[in-house]
Amino acid sequence: MYDRIEKLKTEIHEFELTSVIDIENFRIKFLGTKNCLKELFTELKNIPVDQRKEVGQLLNSLKLLAEEKYTKNQQLHLGQDEIINDLDLTVPPEKNVLGSHHPLSLIRDRIISIFERIGFNTSEGPEIEDDWHNFSALNFAQEHPARDMQDTFFIEKGAREMVLRTHTSSVQVRVMESNKPPIRTISAGRVYRNEAISSRAHCFFHQIEGLYIDKGVSFADLKQTLLCFAKELFGTNAQIRMRPSYFPFTEPSAEVDISCSLCNQKGCTVCKHSGWLEIMGCGMVDPNVLNACGIDTKTYSGYAFGMGVERIAQLKYRVGDLRLYSENDVRFLKQFQAGV
Ligand code: DAH
């Protein structure tokens, strides 16, 4: 035992500490969790009692010696690690890799901000909805084909039959039920339809709904608001046109087309050589809907519109395959990095 202590003592004395790496090796060997002194300390119990105290003291002083040498050299070499690692402090730091926003979130936020600037607030509703808010209050007749199993996901919830909302128009109803006009609101969210998944259809997608209820709101207000929106989103040259259409919850109803900015209306495959792209549905809120939501139709009128976020993203980013938006492929998502 005495010999081993002596040998370690010489080793500690002679251990050359010229670099930070040496110091670290020294620490591991003599002071680390598995240091070589520990073994001797555990053997202490086998030493005859009369020698134990002395050997113990020798071991303690050995440990002290190692500790002192370590702290002294550690201070001496402090700051040297930069030199050892060849660290050049003039090299610019590595660029932070930024995360990216999902293209649908980018488009949604952009659309919301356009409407917020002209006085719309935002509202939300549940994705699991009852028949009243998704259909009945919106003037869907009981036998309307949109209630059909082909389009709607039905959920049994207790005695009540619930659905996954098929459009964000359901939020209109909720807002009108719990607010007094004037109402000017935008609701964005996910909607569900029972469709086979392909590049052109998906069982869930995203919509943005707009609603404006006040005294004397007219179709001209609707048209002007949508033109303003189109110019903000697609540039000042953008034009819109309205085609008569049908929705149960609006009367009159229209389909809105925007001039195709991809070909400057010369005709391309995206606009199918028509020069126009369909972007949303809209109309004057049907009095039946206002009545169902407790709004006095003698005093108030309003307009509503609804658009698909994927559709707008397709036009802005030219990403036509709907599946890409929900596959979470980072090679796709990375292309929408912040600031790009
Ligand atoms: N809810 C319709 C859909 O899902 C879109 C829509 C059309 C919303 C006309 C409206 C509207 O508010 O006025 O296809």
Side-chain angles (χ1 to χ4, degrees), residues 108 111-112 115 120-127 129 131-141 144-148 150-153 163-177 183-195 200-214 217-227 229-230 240-258 277-290 292-293 295 300-312 314 322:
R108 179 202 58 205
I111 296 173
I112 289 177
F115 283 106
F120 283 74
N121 64 11
T122 52
S123 44
E124 279 179 33
E127 290 180 16
E129 195 47 287
D131 179 277
W132 169 256
H133 291 96
N134 198 74
F135 294 127
S136 299
L138 288 165
N139 200 30
F140 279 83
H144 194 283
R147 295 181 181 226
D148 206 309
Q150 281 168 11
D151 292 313
T152 309
F153 286 112
V163 300
L164 291 183
R165 69 176 174 198
T166 57
H167 52 184
T168 43
S169 303
S170 56
V171 189
Q172 276 188 33
V173 179
R174 291 189 172 270
V175 173
M176 285 191 275
E177 279 175 341
I183 293 169
R184 224 177 292 155
T185 194
I186 287 286
S187 337
R190 185 173 282 188
V191 301
Y192 301 82
R193 291 197 195 165
N194 193 358
E195 303 248 16
R200 295 162 58 89
H202 211 294
C203 57
F204 65 79
F205 53 98
H206 301 81
Q207 285 189 336
I208 291 190
E209 186 83 11
L211 176 72
Y212 179 28
I213 310 283
D214 205 346
V217 177
S218 71
F219 204 92
D221 296 319
L222 170 62
K223 204 171 165 188
Q224 191 55 36
T225 306
L226 296 183
L227 179 62
F229 163 73
I240 58 166
R241 78 174 180 189
M242 287 174 154
R243 285 176 290 109
S245 185
Y246 171 78
F247 299 103
F249 35 92
T250 42
E251 184 57 39
S253 306
E255 212 84 60
V256 182
D257 295 342
I258 184 167
L277 299 158
E278 190 185 313
I279 56 163
M280 68 173 104
C282 68
M284 301 305 292
V285 181
D286 194 296
N288 287 345
V289 176
L290 295 176
C293 301
I295 290 183
Y300 295 107
S301 59
Y303 65 68
F305 55 86
M307 65 191 107
V309 183
E310 280 82 351
R311 173 77 176 142
I312 308 277
Q314 175 188 9
L322 284 179

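Each ligand, and each atom within it, is numbered from 1 in the order the structure gives.
- For a threshold of 3.5 Å applied to N or O pairs, the pair formed by Thr166 and ligand 1 contains no separation below that value.
- When each atom of ligand 1 is checked for a heavy atom of Ala304 under 4.0 Å away, the hits are 12 (O), 13 (O).
- Residues that satisfy the side chain to side chain donor-acceptor pair (under 3.5 Å) test with Arg200, not counting sequence neighbours, are absent from this structure.
- Closest protein heavy atom to atom 11 (C) of ligand 1: Phe249 CE1, 3.4 Å.
- The shortest separation from a heavy atom of Gln207 to ligand 1 is under 4.0 Å, placing the residue in contact.
- Of the N and O atoms on the side chains of Ser169 and Glu209, at least one donor lies less than 3.5 Å from an acceptor on the other residue.
- Nearest protein heavy-atom contact of atom 12 (O) of ligand 1 is Glu209 OE2, 2.6 Å.
- Using a 4.0 Å heavy-atom cutoff, Gln172 is listed among the residues neighbouring ligand 1.
- Using a 4.5 Å heavy-atom cutoff, the side chains of Tyr303 and Thr225 are in contact.
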Derivation and outcome, side-chain hydrogen bond (donor to acceptor under 3.5 Å, both in side chains), residues His206 and Glu310: CA-CA 7 Å; His206 301 81; Glu310 280 82 351; 2.7 Å; yes
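- Near Gly283, meaning under 4.0 Å from any of its heavy atoms, are these atoms of ligand 1: 13 (O).
- When the shell of 6.0 Å around CD of Glu177 is examined, it contains more than 12 heavy atoms from other residues, nucleotides or ligands.
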Test salt bridge (charged side-chain N to carboxylate O under 4.0 Å, His left out) applied to Glu278 and Arg243, step by step: CA-CA 10 Å; Glu278 190 185 313; Arg243 285 176 290 109; 3.5 Å; yes
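- Here the heavy atom of the protein found nearest to atom 14 (O) of ligand 1 is Arg193 NH2, 3.9 Å.
- Taking every non-hydrogen atom of Thr250 and a distance limit under 4.0 Å, the qualifying atoms of ligand 1 come out as 13 (O).
- Listed by chain and residue number, Asn139 satisfy the side chain to side chain donor-acceptor pair (under 3.5 Å) test with Asn288 (two or more places apart in sequence, or in another chain).
- Considering every non-hydrogen atom in both Ser123 and Thr185, the closest pair reads OG-OG1, 2.7 Å.
- Ligand-side atoms of ligand 1 in range of Gly281: 7 (C), 9 (C), 11 (C), range being under 4.0 angstrom from any heavy atom.
- Near Ser169, the atoms of ligand 1 lying under 4.0 angstrom from a non-hydrogen atom of the residue are 1 (N), 8 (C).
- Only the backbone of Cys282 comes within 4.0 Å of ligand 1, counting heavy atoms alone; no side-chain atom from C-beta on gets that close.
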